[in-house]
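Remember, it's a predicted structure, so these values are computed and weren't measured experimentally.
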Amino acid sequence: MNDARLTMRLPGEYLLFARDYAKKRDMTLTDLVVGYFKRLKESMSATEQLPDAVRDMVGIIPAEDREVIDEYHDHLMERYA
């Protein structure tokens, strides 16, 4: 894969923090950003990569929707307990 150039605008305090963070870990800012995007990509579950229509058809509850998960859990407990 070819490298590409990225220009970003950040609040100064975040840039200073990122530079300090990277320097303390003997990294470049590029290493820091690449590492972040790599972890972000790896953390995506298979369901997040599905089209919305497919997720809706299979009835997957988004993991971040704690209220819906709790309601569904309560429903199952009432039905099967």
Side-chain angles (χ1 to χ4, degrees):
M1 179 182 223
N2 295 332
D3 290 345
R5 182 172 296 274
L6 171 67
T7 302
M8 298 174 57
R9 292 189 185 275
L10 300 172
E13 66 182 287
Y14 293 120
L15 180 57
L16 292 174
F17 169 78
R19 282 183 180 159
D20 186 50
Y21 183 92
K23 184 177 180 178
K24 286 180 181 177
R25 286 156 182 79
D26 197 30
M27 303 169 72
T28 65
L29 281 175
T30 298
D31 294 336
L32 186 64
V33 172
V34 168
Y36 173 75
F37 284 125
K38 181 179 177 184
R39 284 190 303 280
L40 184 64
K41 182 178 178 181
E42 290 169 354
S43 72
M44 288 183 63
S45 69
T47 58
E48 289 176 317
Q49 297 175 20
L50 293 174
D52 290 340
V54 174
R55 272 200 312 257
D56 293 343
M57 287 190 310
V58 296
I60 296 170
I61 300 173
E64 66 275 0
D65 197 341
R66 192 73 226 163
E67 184 178 336
V68 173
I69 293 170
D70 289 342
E71 287 177 13
Y72 184 63
H73 179 264
D74 293 344
H75 160 74
L76 291 177
M77 291 303 289
E78 287 175 21
R79 183 170 182 175
Y80 297 106

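Hydrophobic cluster membership is shared by Met8 and Phe17, with clusters built from Ile, Leu, Val, Met, Phe, Trp and Tyr side chains linked at under 4.5 angstrom. Hydrophobic cluster membership is shared by Leu10 and Leu32, with clusters built from Ile, Leu, Val, Met, Phe, Trp and Tyr side chains linked at under 4.5 angstrom. Linking ILVMFWY side-chain heavy atoms closer than 4.5 Å, directly or via other members, places Tyr21 and Leu29 in a single hydrophobic cluster. Both Leu15 and Leu6 belong to a common hydrophobic cluster when Ile, Leu, Val, Met, Phe, Trp and Tyr are linked at side-chain heavy-atom distances under 4.5 angstrom.
Under a cut-off of 6.0 angstrom, the local environment of CG in Asp26 is sparse, with at most 12 non-hydrogen atoms contributed by other residues, nucleotides or ligands.
Within the 4.5 Å cutoff, the side chain of Asp31 has no heavy atoms near those of the Val34 side chain.
Shown here are the salt bridge (Lys or Arg N to Asp or Glu O under 4.0 Å) partners of Asp20, two or more places apart in sequence or in another chain: Lys24.
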